[in-house]
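Note on naming: letters A, B, ... go to the chains in the order of the sequence lines (proteins, then strands), and numbering restarts at 1 for each one.
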Amino acid sequence: MNLNPPQGMRDFYPEDMLFRNYLFDKWREISRIYGFEEFDAPIVESADLFRRKSGEEIDEQIYVFKDKGGRELALRPELTPSLARLILSRIKELHFPLRWFGIVQCFRYERAQKGRKREHYQWNVDIIGEESPIAESEVIAAAVNVMTGLGMTSRDFKVRIGHRGILHDILKYHECEMKYFNQICLALDKRGKIADEAIKEMLKSDGLPESEIQKIFKIMEIRNIEEIESIIDNKSTSLNNLKELFNLLEIYNLKDFIEFDIGIIRGLAYYTGIVFEGFDVERKYRAIFGGGRYNNLLQNLGGKDLPAVGLGFGDVVIKELLEYKNMELKTNAKPDIAIAFLSDNERDFAIKIAELIRKKGISTDLFLKPEKPKKIFSLCNKMKKRFVILIGENEKETGSVTIKDMNSGIQEEVAINDIIKKIAP
RNA sequence: GUGGGUGUAGUUCAGCGGUCUAGAGCACCAGACUGUGGAUCUGGUUGUCGUCGGUUCAAAUCCGAUCACCCACCCCA
């Protein structure tokens, strides 16, 4: 019998749930503070919902299966198509802009690797129905606040911001041939990951002439918006858009967290404008979160265009990063109090004491059978209990309990009425 | 889908053709008796050496297949 979970799927032991809940709580808290409402959708959707979106290629990466009625269903690889479905079916009654978020489990059928599994949880934040870059800035601000809430600073991570349209404009200015746009995007994406020479080779084998390749490398050197301004004129709406976003983010006081990066492309075909990704400064990990503007959200479902900005923030990379930085978690969710008894004669008395404490909302772990004191204290020590309440013959007779403070090692006999005072002062 | 790496006690790993009747650290269990944990000490347990097959007098060790995990690519969240 193979005890492993299916390939790329994850088990969450209690100690893993500690981190997961910690992260989810952070996501929820920031969502609430930034005024987003939570929603969810089925984890299983009609396979067509996901296919329709971005061509055929995605098909191979979706878990597809047939239900007993022969309908083709899929485990969701992402939340956005479901979001589009929900919005479209209430398009008349919803008032925009909408701010929705979800914390959802997604699946992708592909080989697992560092920072990527076949299954992950993802925080999704979307603002639907707003053209202005203030939508982007709200979403980016929320993501940055999650990061800082997890203890990260601007020395640990940066949000790199790019713009598809600007790349287009620059290429046009350089009179690059647009038929190579996809290859150019690919080359930009590769920069920093593989050697420049290898990129050149790649472009060459794609059929780009030497002159074009040189232009592209010049473009890749662009490091800030001012450089772009000096290259292309002010009529570029994309450029103005991006400038406005940077101004806005300065008002949010996020200047230290953001950088312009012409190389941020993002794969998804549906991004239409500003795109951004969060990275650790050492670049040891892949993007922590990413998102951007996708103004044709509803098109694929037969609706009208609706401006939208979205963000996805997965649980896998951030966990690896926090572990690497030794910042994963400090809380201990285990019960603080343990109640133990020495023989069956005291069991019922111990139950009554446990219930008394639990009625006060205090987390209490009750031993289920009698144990020797040595074992009781040894176990409680391992489980890091704060207090151990011991009940034996003596205690039962006098109607009291023995409470031991595991930190100090001091113990005393306490009357029933004084227990709460002792353990929860 | 392609390429590479790794599977040995609960766990992290060492051993890489004959003394292996397979080890080490950590973990675990036990240290007269009575109602008391954490440090140290002493003793002890733990394994179809991933699975199946092959080569050999001899296989954890070599070869093949298979499964699983990891890493990279492809692609992307």
Side-chain angles (χ1 to χ4, degrees), chain A residues 1-11 13 50 53-62 75-81 102 104-125 182 185-186 189-190 193-194 198 202 264-271 275-278 284-292 310-318 320 338 340-343 345-346 370-396 401-413:
Chain A
M1 185 62 197
N2 178 10
L3 299 179
N4 291 316
Q7 228 179 58
M9 302 294 178
R10 300 190 285 161
D11 289 325
Y13 284 89
F50 302 117
K53 188 153 142 196
S54 44
E56 309 302 312
E57 269 187 35
I58 213 157
D59 215 44
E60 298 215 328
Q61 300 199 339
I62 301 180
L75 297 178
R76 64 178 165 209
E78 53 171 335
L79 185 61
T80 311
V104 297
Q105 193 180 16
C106 297
F107 301 84
R108 286 249 168 144
Y109 189 84
E110 61 177 346
R111 244 341 127 79
Q113 53 186 292
K114 197 176 163 82
R116 278 171 98 188
K117 319 252 175 218
R118 287 186 168 180
E119 173 226 331
H120 76 140
Y121 286 88
Q122 191 183 60
W123 179 47
N124 251 260
V125 180
N182 284 345
C185 284
L186 213 62
D189 195 52
K190 285 280 165 288
K193 288 185 205 161
I194 63 176
M202 217 174 73
I264 299 296
I265 305 294
R266 296 194 60 80
L268 290 172
Y270 57 73
Y271 286 110
V275 284
F276 56 87
E277 290 185 334
K284 275 175 80 90
Y285 299 89
R286 60 181 70 240
I288 305 160
F289 58 86
L311 162 89
F313 189 138
D315 69 322
V316 178
V317 176
I318 187 64
E320 286 175 358
F341 49 98
L342 298 178
S343 82
N345 295 332
E346 294 93 41
E371 295 289 358
K372 288 183 178 157
K374 200 182 177 86
K375 182 144 192 181
I376 291 166
F377 290 107
S378 169
L379 278 173
C380 288
N381 180 54
K382 267 169 219 152
M383 294 189 289
K384 295 190 166 45
K385 302 292 185 197
R386 181 68 218 286
F387 292 103
V388 177
I389 295 178
L390 186 72
I391 295 165
E393 209 176 338
N394 303 343
E395 286 83 356
K396 194 186 166 192
V401 300
T402 294
I403 300 180
K404 178 160 182 169
D405 180 330
M406 295 298 280
N407 292 349
S408 64
I410 297 164
Q411 73 180 49
E412 55 186 306
E413 210 165 317

Query raised in the report: Should the pair A:R118 and A:F107 be classed as cation-pi, given the thresholds of under 6.0 Å to the six-membered ring centre and 45° from the axis?
Result: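 No cation-pi geometry.
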Grab the N/O contacts between the protein and nucleotides 38-44 of chain B below 3.5 Å, and write none if there aren't any.
| unit_1 | atom_1 | unit_2 | atom_2 | d |
| --- | --- | --- | --- | --- |
| B:G38 | O4' | A:N381 | ND2 | 3.0 |
| B:G38 | N2 | A:M406 | O | 3.2 |

For B:G35, does either OP1 or OP2 sit under 4.0 Å from a side-chain N or O belonging to A:K396?
no
Contact under 4.0 Å: A:K374 side-chain N or O vs B:G37 OP1/OP2: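 Yes, A:K374 has a side-chain N/O under 4.0 Å of OP1/OP2 on B:G37.
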Ignoring hydrogens and angles, are the base of B:C71 and the side chain of A:R116 linked by a donor-acceptor pair under 3.5 Å?
->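 Flag unset: no donor-acceptor pair detected.
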Could you check whether the side chain of A:Q411 and the base of B:G35 have a donor-acceptor pair of N or O atoms closer than 3.5 Å, going by distance alone?
no
NA contact type, A:Q7, heavy-atom cut-off 4.0 Å: base, sugar-phosphate, or nothing?
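If one applies the 4.0 Å heavy-atom cut-off, A:Q7 turns out to touch the sugar-phosphate alone, with no base involved.
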Would you classify A:E346 as touching base, sugar-phosphate or nothing, given that sugar-phosphate means primed atoms plus P, OP1 and OP2, and contacts are heavy atoms under 4.0 Å?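 Nothing: the residue A:E346, judged by heavy atoms under 4.0 Å, touches no strand.
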For B:C62, give its Watson-Crick or G-U wobble partner with both distances under 3.5 Å, or none.
->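 In the structure as shown, B:C62 has B:G54 as its Watson-Crick or wobble partner.
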Fill in: B:A9 - base-pair partner by Watson-Crick or wobble geometry, distances under 3.5 Å
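Here B:A9 is not engaged in any pair, so there is no nucleotide opposite it.
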Query raised in the report: Rounded to the nearest 0.5 Å, what separation is found between the CD atom of A:E395 and the CD atom of A:E346?
Result: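 Here the interatomic distance stands at 8.0 Å.
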Residues passing the side chain to side chain contact (heavy atoms under 4.5 Å, CB included) test with A:K374, sequence neighbours excluded, are none
Residues at least two apart in sequence or cross-chain that pass ring-ring contact (aromatic ring centres under 6.0 Å, His included) with A:F313, listed by chain then number, are A:W27, A:W123, A:F289
Looking only at B:U36, B:C75, B:C71, the nucleotide nearest the A:E110 side chain is B:C75
The side chain of A:K117 lies closest to which of these nucleotides: B:C28, B:C70, B:C74?
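From the listed options, B:C70 comes nearest.
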